[in-house]
Number of protein chains: 2
Amino acid sequence: MGAMSNVERAVSALRQMIFAGELPPGSDHLETELAEKLGMSRTPVREAALMLQAQGLVEMRPRRGIRITPVSADDMAEIYDILTELESLAAARAAEAQYSKADLANLATAIRDMDAALAVDDLRAWAEADDRFHRELVRLGRNARLSMVVSVMRDQVRRARATTLFMRPKPKQSNEDHRVVYQAIARGDAQVAHDTHHAHRQAARDMLVALLEKHQFHGL
Amino acid sequence: MGAMSNVERAVSALRQMIFAGELPPGSDHLETELAEKLGMSRTPVREAALMLQAQGLVEMRPRRGIRITPVSADDMAEIYDILTELESLAAARAAEAQYSKADLANLATAIRDMDAALAVDDLRAWAEADDRFHRELVRLGRNARLSMVVSVMRDQVRRARATTLFMRPKPKQSNEDHRVVYQAIARGDAQVAHDTHHAHRQAARDMLVALLEKHQFHGL
DNA sequence: GTATGCGCTTGTGTATACATTAACGCATAA
DNA sequence: TTATGCGTTAATGTATACACAAGCGCATAC
């Protein structure tokens, strides 16, 4: 069976519960309580919580329990600002790397999937493919630390997206942008790859923040 | 006395030992050993190590002990790339924030201190003031998450700088750059603040990476 | 009715005990 | 000599025990 420690199990389980909304943002949970729910002692739960705290998903406050970090509109603005810069750098680096068409296959597939999903109005499938595109883009940028930071930030975005996905306008421009970024990377044009992606993310940021503020999600 | 937990004590102590070179990069240390050295049990040491691991300062490998993460020239290139983007964003945001002269006092002081240190060839004082300038710049950018990411990255740079500070050319251009960034922020010119700082960091990156590669610090 | 203080409850921080299992050495064989 | 396998050692992962201190309620005084 999987050589998975209890700490690892706790981390995945807690993450899943957080993303599923089973542990709602802002809610507090005692270590003992979570330990019991996960069928293990407090020790691995504590260690798991410590890791999730480092990623900003929870906060441990003495005697108040483990709080699921709420994410406000302001937080989301911060997060998108970071994502914008780092992903754009990755796009530029990917362009500089002179990848072959084969190397970019995953990107191309993700774009196709987004188009297909949009054609049949399947927003969930679109979001999944969009995630895939961005993950692959960052991977191609070949900066392990950057990938880690971005993935932490993206986790936070995912939490907000669950709520806002069905409120926002159709992501039509989005697919257009992705295609331009892809082509710039393919022909090695770092500047265009960078700037296009930068504008793309910034637009997403503005849209999302406006949405969150409008709907008063001040502590999602 | 200070209401400081053993975990907090362990974190500071370990950080200090790492930065002082007392725990050299690449070295392994058993939990028991560190616990004894710090005068506490394994539990708080483990929790401290977990936190430092999240910041990339150590790696915990089953049965091999806690390893002080080595930093190669390639790592340093990654780190500087991230610093470059995020600090430049902070500079732009700071410019947009329309700070008063008084708000920028810390920046101005840091610049003066750098000039003074350079005039008497005190590289250590220069490095300290340089750190101060960059920390303040990021603070003015008003993005808490960005500040955290940057501070993690800067910790890594500090480790390399201890070694390379006395090899590199006099940072004369550096002071010039800082002044331009400061003035751009003061007059609210986000574009110049961003671009100047970006170029500044990129130059530093290239210099440092070349230095590290030349001296074969492939696992500092 | 409101404020103040005391004691109790209970969650956490830390120490400790213990089972598991990976790594190392040694012996044996090719 | 080198490779392979077994047994021992010992470091970790996890459970558990316990002391301390923060928060809560209740009682008492104003």
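In the text below, chain A, chain B and the rest are named by the order of the sequence lines, each starting its count at 1. Predicted, not measured: the structure shown is a model, and the values here were computed from it.
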**Q** Mind checking whether A:Phe133 and A:His178 have parallel, tilted or perpendicular rings, split at 30° and 60°?
**A**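 A:Phe133 and A:His178: tilted rings.
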
**Q** Could you state the CE-C1' distance from A:Met4 to D:dT14, rounded to the nearest angstrom?
**A**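 For the pair A:Met4 CE and D:dT14 C1', the rounded distance is 16 Å.
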
**Q** Would you call B:Arg159-B:Asp75 a salt bridge at under 4.0 Å N-O?
**A** no

**Q** Side chains of B:Ser100 and B:Asp103: any donor to acceptor distance under 3.5 Å?
**A** yes

**Q** Which donor-acceptor pairs under 3.5 Å do side chains of residues 203-211 of chain A form with protein atoms, sequence neighbours excluded?
**A**
unit_1: A:Arg205; atom_1: NH1; unit_2: A:Asp81; atom_2: OD1; d: 2.9
unit_1: A:Arg205; atom_1: NH1; unit_2: A:Asp81; atom_2: OD2; d: 3.1

**Q** Over how many whole Å does the gap from B:Arg42 atom CZ to D:dT14 atom P extend?
**A** 11 Å

**Q** Closest approach of B:Ala190 and B:Glu96, non-hydrogen atoms and distance?
**A**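 Scanning both residues, the minimum pair turns out to be CB-CG, 3.9 Å.
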
**Q** Just to verify, what does A:Arg139 make a side chain to side chain donor-acceptor pair (under 3.5 Å) with, not counting sequence neighbours?
**A** A:Glu136

**Q** Mind listing the N/O atom pairs, protein and nucleotides 7-11 of chain D, below 3.5 Å?
**A**
unit_1: D:dA11; atom_1: N1; unit_2: B:Arg63; atom_2: NH2; d: 3.4
unit_1: D:dA11; atom_1: N3; unit_2: B:Arg63; atom_2: NH1; d: 3.2
unit_1: D:dA11; atom_1: N3; unit_2: B:Arg63; atom_2: NH2; d: 2.3

**Q** Distance check, rounded to the nearest 0.5 Å: A:Arg135 atom CZ versus A:Asp130 atom CG?
**A** 10.0 Å

**Q** Relative to each other, are the rings of B:His194 and B:His198 parallel, tilted or perpendicular (30° and 60° limits)?
**A** parallel

**Q** Between A:Arg154 and A:Glu87, does at least one N-O distance fall below 4.0 Å, as a salt bridge requires?
**A**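 Salt bridge between A:Arg154 and A:Glu87, a charged N being under 4.0 Å from a carboxylate O: yes.
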
**Q** Would you sketch DNA chain C in dot-bracket for me? Only Watson-Crick or G-U wobble pairs with both distances under 3.5 Å count, crossing pairs as [ ], other-strand pairs as |, the rest as dots.
**A** ||||||||||||||||||||||||||||||

**Q** Contact class for B:Met40 vs. all strands (heavy atom < 4.0 Å): base, sugar-phosphate, or nothing?
**A**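 Sugar-phosphate, backbone atoms only, no base.
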
**Q** Can you give each donor-acceptor pair under 3.5 Å made by side-chain atoms of residues 15-30 of chain B, sequence neighbours left out, with the distance rounded to 0.1 Å?
**A**
unit_1: B:Arg15; atom_1: NH1; unit_2: B:Asp155; atom_2: OD2; d: 2.9
unit_1: B:Arg15; atom_1: NH2; unit_2: B:Asp155; atom_2: OD1; d: 3.3
unit_1: B:Arg15; atom_1: NH2; unit_2: B:Asp155; atom_2: OD2; d: 3.1
unit_1: B:Ser27; atom_1: OG; unit_2: B:Pro24; atom_2: O; d: 2.5
unit_1: B:Ser27; atom_1: OG; unit_2: B:His29; atom_2: NE2; d: 2.7
unit_1: B:Asp28; atom_1: OD1; unit_2: B:Arg67; atom_2: NE; d: 3.2
unit_1: B:Asp28; atom_1: OD2; unit_2: B:Arg67; atom_2: NH2; d: 3.4
unit_1: B:His29; atom_1: ND1; unit_2: B:Glu33; atom_2: OE2; d: 3.2

**Q** Between which nucleotides of DNA chain C, 5' to 3', does chain A make heavy-atom contacts below 4.0 Å?
**A**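 Extent of the interface on DNA chain C: C:dT10 to C:dT14.
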
